[in-house]
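Reading through the C-alpha cells given below for one structure.
Numbering of ligands and ligand atoms starts at 1, following listing order.
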Amino acid sequence: MTLLERQYEQMLTIRRFEETLLRLFSEGKLTGTTHTYIGQEADAVGVIAHLDPERDVVFSNHRCHGHYIAFTGDLFGLLSEVMGRSTGTCGGKGGSQHLHRGNFYSNGVQGSIVPVSTGIALAEKEKGTGAVTTVFVGDGTLGQGALYECLNMASLWSLPLLVVVENNHYAQTTPRHLAVAGDIRARGAAFGIETDELDSTDVEEIHSAAQRAVDHVRTTGRPFFLVLHTYRFSPHSKGDDFRDPEEIAQRRAHDPLLVAGARLDGDVRARIDEAVERLIAETVEAAEAAPVAGA
Ligand SMILES: Cc1ncc(C[n+]2csc(CCOP(=O)(O)OP(=O)(O)O)c2C)c(N)n1
Ligand SMILES: [Mg+2]
C-alpha cells in the first residue's frame, strides 16, 4: 500500500466510524455525548504518522476519536467504550472524551491537557526516552491562560513538546473572530518557539509540515507550535449548529477525502472503501455483542 492509500484508508476509517457513532447515538445506543472530527481527519492522519506509539505520547481533547484511531488503530476498544461496554478502552467508564490506552490520553476539560502534556514532556526528557509529546488543542482553547504558562516553560526548559492548534474557526457556536484576538501563530513565536502554519485539507501537505515539526522536536529537543487551519463539517456535538449552511457547503468541496481520493486509482479506492465498510460493520457487531459495563 502506498502512503497516500494508507492515509486515505485511515481518514475514511475515522469518517465512517464517526458517521456510525452519530447513527448509533440517534438510535439511543451510546452513553454520554460525542463530538465528531468529521472534516478534520487529515490533521490527525498527517501528524500522527510521524509518531511512534511505543515511545511517543499523544494528548487529545474532547474531539479525540480521530487522534485515537490514528495513533492506536483500536476501533473496537473505542466503540465499545462509547457504548459503555466492559470491553471498552477504559472499561466503558471513560466514554467518548476520556480515553487512555498506552501512550494515548484525552481529557474533555479544555486547556487542562496542556499542563499535563508539558509535565509529560518534562518527564520524558528527564528519563531520556527521546519521546515527542504531542498535544492537540482547538482555537477556543487559546483563551485558556495555562496554555501560555506552558509555552513559556516549554521554551525556557527546552521540552520536547509539539503543540498542534487545530483552528476549525469555532468554539462550540462562537466564531473565532469573537473570541481570539490577533494572530494564532504569533502566540507560539512570542515565547521563542519554532512555529509553522498551514491552511489545507490536503493530507500530503499536512504530512510534510508535520514531518518538519516532529523532526524539529526530535532533533533539537525543543518545542514546536504548529497551527493547522481546518473546518469541521459536523455540529460541535450533535444538534448545536448555527453556522451558515452555505459556508459548510463551500468547505465540503475541500473535503480531505475528496482531495486524497481524487489522486487514487479508481479500483484501488473502491477496494479500500469496501474494506473500511466491512471493518466498521464488524466492529459494530462485536461491540453490540460485548457485555455492558458493571456499576
Ligand atoms: C474548561 C472548560 N470550559 C468549557 C468547556 C465546554 N466546552 C467543550 S468544547 C468547547 C469549545 C472548544 O472549542 P475549541 O477549543 O475550538 O475546540 P473544537 O470544539 O472546535 O474542536 C467548550 C467551550 C469545557 N469542556 N472545559
Ligand atoms: Mg474550534
Side-chain angles (χ1 to χ4, degrees), residues 11 14-15 17-18 21-22 25 30 32-48 58-71 78 82 94-99 104-118 134-151 162-185 187-188 197-201 206 225-244 247-248 251-252 254-256:
M11 292 195 295
I14 296 167
R15 176 72 57 91
F17 182 92
E18 291 202 309
L21 278 189
L22 292 176
F25 192 91
L30 299 194
T33 189
T34 189
H35 306 82
T36 61
Y37 195 60
I38 294 172
Q40 301 184 206
E41 296 91 344
D43 296 348
V45 170
V47 172
I48 289 172
V58 169
F59 220 122
S60 180
N61 50 62
H62 56 288
R63 202 174 300 288
C64 58
H65 306 151
H67 307 129
Y68 181 85
I69 292 171
F71 194 63
L78 179 56
V82 183
S96 163
Q97 301 178 68
H98 302 109
L99 302 172
F104 183 95
Y105 304 84
S106 69
N107 188 305
V109 182
Q110 242 185 302
S112 70
I113 60 177
V114 187
V116 182
S117 303
T118 306
T134 300
V135 58
F136 289 90
V137 297
D139 49 291
T141 306
L142 298 170
Q144 293 285 26
L147 172 70
Y148 304 98
E149 297 177 45
C150 292
L151 293 177
L162 171 61
V163 178
V164 180
V165 180
E166 289 186 83
N167 169 29
N168 60 13
H169 303 276
Y170 290 88
Q172 221 148 335
T173 51
T174 306
R176 185 204 140 186
H177 72 269
L178 293 181
V180 181
D183 188 57
I184 296 180
R185 181 176 180 177
R187 285 162 160 77
E197 176 171 28
L198 194 64
D199 191 349
S200 175
T201 53
I206 295 169
F225 191 79
L226 178 64
V227 183
L228 299 177
H229 301 287
T230 181
Y231 198 80
R232 62 170 157 77
F233 302 149
S234 47
H236 167 72
S237 182
K238 283 163 307 292
D240 44 350
D241 204 347
F242 299 92
R243 297 172 303 173
D244 181 359
E247 175 185 296
I248 301 172
R251 292 286 189 156
R252 275 192 181 274
H254 305 282
D255 185 328

For ligand 1, is any non-hydrogen atom under 4.0 Å from His236's backbone (N, CA, C, O), its side chain (CB onward), both, or neither? side chain

Arg63 neighbourhood, listing ligand 1 atoms whose heavy-atom distance to it stays under 4.0 Å: 18 (P), 19 (O), 21 (O)

Option set Gln144, Glu166, Gln172, criterion heavy-atom distance to atom 8 (C) of ligand 1, minimum: Gln172

Identify, by name, the N, O or S atom of Asp139 lying closest to the Mg ion (ligand 2). OD1

Atoms of ligand 1 less than 4.0 Å from Thr141 heavy atoms? 15 (O)

Kindly confirm whether the Mg ion (ligand 2) is within less than 2.8 Å of some N/O/S atom in Asn167? no

Check Gln110 against ligand 1 and report side chain, backbone, both or neither, counting heavy atoms closer than 4.0 Å. both

Out of all atoms in ligand 1, which are within 4.0 Å of some heavy atom of Asp139? Include the element for each. 15 (O), 16 (O)

Gln110 and Gln144: which non-hydrogen atoms are nearest, and at how many Å? O-NE2, 3.0 Å

One residue to check: Asn168. Relative to ligand 1, which of side chain, backbone, both or neither has a non-hydrogen atom less than 4.0 Å away? side chain

Taking side chain as C-beta onward, heavy atoms only, is Leu142 less than 4.5 Å from Ile184? yes

Check whether any N, O or S atom of Glu166, backbone or side chain, sits closer than 2.8 Å to the Mg ion (ligand 2). no

Is there at least one pair of N or O atoms, one from Val109 and one from ligand 1, spaced under 3.5 Å apart? no

Tell me which protein heavy atom sits closest to atom 16 (O) of ligand 1, plus the residue, atom name and distance to 0.1 Å. Gly140 N, 2.7 Å

Do the side chains of Asp183 and Arg185 get close enough for a salt bridge, i.e. N-O under 4.0 angstrom? no

Residue from His65, Glu18, Glu166 passing side-chain hydrogen bond (donor to acceptor under 3.5 Å, both in side chains) with Tyr37: Glu166

Using a strict 4.0 Å threshold on nitrogen-to-oxygen distance, state whether Asp43 and Arg63 make a salt bridge. no

Kindly indicate whether a cation-pi arrangement holds for Arg187 with Phe225, taking the cut-offs as under 6.0 Å to the six-membered ring centre and within 45° of the axis. no

Shortest non-hydrogen contact between Phe136 and Ile113, atoms and distance: O-CD1, 3.3 Å

Students should be able to answer this: which protein heavy-atom is nearest to atom 25 (N) of ligand 1, and at what distance? Gly108 O, 2.8 Å

Do His98 and Ser106 pass the side chain to side chain donor-acceptor pair (under 3.5 Å) test, and can you show the C-alpha distance, the side-chain angles, and the key distance before you say yes or no? CA-CA 5 Å; His98 302 109; Ser106 69; over 6 Å; no

Strictly under 2.8 Å, is any N, O or S atom of Tyr170 next to the Mg ion (ligand 2)? yes

In terms of heavy-atom contacts, Ile248 and Phe233 come closest through CG2-O, 3.9 Å

